[in-house]
Amino acid sequence: MTGSPADKVLSASGDLDSFAHDLPRLGDALSRRLDADPENVERGLAQLVLTVVELLRQLIERQALRRVEAGGLDDETVERLGRTLMALEARMEELKVHFGLNDDDLNIDLGPLGRLL
Amino acid sequence: VIWLYAICERAPVTPLHGIGLAGAPLERVGEGQLQAVISRHAELPDVDGLDALWAHEEVVERLMAEGSVLPIRFGSRLPTAAALPVALATHRGELLSALDAVRGRVELAVRALRPAGGDGGDARSAEEVAAEARAADHDAGRAYLRRRLELRDRMDAAAAALHAPLAAAAVAGCRRPGRTPDEVLRASYLVERPAMAEFSSRAQRLQREHPELAVVCTGPWPPWSFVDVPVLSTVAGGEGARA
């Protein structure tokens, strides 16, 4: 029976704080579906767009890794692929810094479907 | 608004203990062997904050103490209770076998983090990444892909090393992708009640074997991750969205 959340910990070592970093997201999911504050509208839009770009980037990277692993690509292609992904990652990092977003912001809770990334 | 908590087997005499969200009384609705536990609200109850989540959880756990339970996702609601008996009757077979599948079993959750600064993380600053991208090294691209492959393989191996012994002590296991690069394992396990102690000691042993990780095991929870009954999503999710 639920007494308090702490009763639910069967085993753990060290501090539990590191496990709680996604708690603020829980509050967001419950209370704020979309932040339409005019002050933040640019950031909100950037967050949405970058989330989609990040999703594509991860999909492309996963696919690229699979193809590299499977072999059959010549060195030049692999090199080009790697450089492209590297540049893409660097650009994403710059954009995140520019808009003050972190990795956790680049995600969307799809309700019953779970989270996008 | 009808707030839904769980579907359980008919309990003819046992009164419902406890209260629902916003202090509302709990009610059983249903026919035959199946009953849904609900509360009625004039307006959508305040669902902000953790208290509402715990209230929902507590209702489900009380029911779980009495018998097999199919928990319904927090936030599921219906405009009226009228459709419930029909939905329960229509999906009777599926619901009864889902109840059998979780009978006497609980969900335990395990998460493992590789704390920042530990080996294997991928936390590099924007400057480092940018500098890397500019590097004129003739095989910088291949080196990048190699590093990504190694990271992925290392994370996969670390997760598998944790998951395998836990899954062996469970009836079923369900892994989810980590939410951050430092999250090595995020998983739920369906465990027979008497096997809880064994499972928990396996989690502790994994912690000792992997001092570089932080491993936490929580529960017992209702079988949230192991209940996948279509009627729950059609009735609760679909209608609920419009309620």
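Letters A, B, ... mirror the listed sequences (proteins, then strands); counts begin at 1.
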Does any backbone or side-chain atom of [X] lie under 4.5 Å from a heavy atom of chain A? Answer side chain, backbone, both or neither.
X	answer
B:Gln207	side chain
B:Ala112	backbone
B:Arg152	side chain

Point-to-point distance, once rounded to the nearest 0.5 Å, from [atom1] of [X] to [atom2] of [Y]:
X	Y	atom1	atom2	answer
B:Arg142	A:Thr77	CZ	OG1	10.5 Å
A:Arg62	B:Arg148	CZ	CZ	10.5 Å
B:Leu145	A:Glu79	CG	CD	8.5 Å
B:Trp54	A:Lys8	CH2	NZ	6.0 Å
B:Asp139	A:Arg83	CG	CZ	8.0 Å

*asked:* Is it the case that over 12 heavy atoms from other parts of the model lie below 6.0 angstrom from the CG atom of B:Asp153?
replied: yes
*Just wondering, are more than 12 heavy atoms of other shown residues or ligands nearer than 6.0 Å to CZ in A:Arg67?*
no
*Considering only heavy atoms, which portion of A:Val78 lies under 4.5 Å from any heavy atom of chain B: side chain, backbone, both, or neither?*
both
*Which pair of non-hydrogen atoms, one from B:Leu113 and one from A:Phe19, has the smallest distance, and what is that distance?*
CG-CE2, 3.5 Å
*Which of the residues B:Ala203, B:Cys217, B:Pro220 is involved in the greatest number of heavy-atom pairs with chain A at under 4.5 angstrom?*
B:Cys217
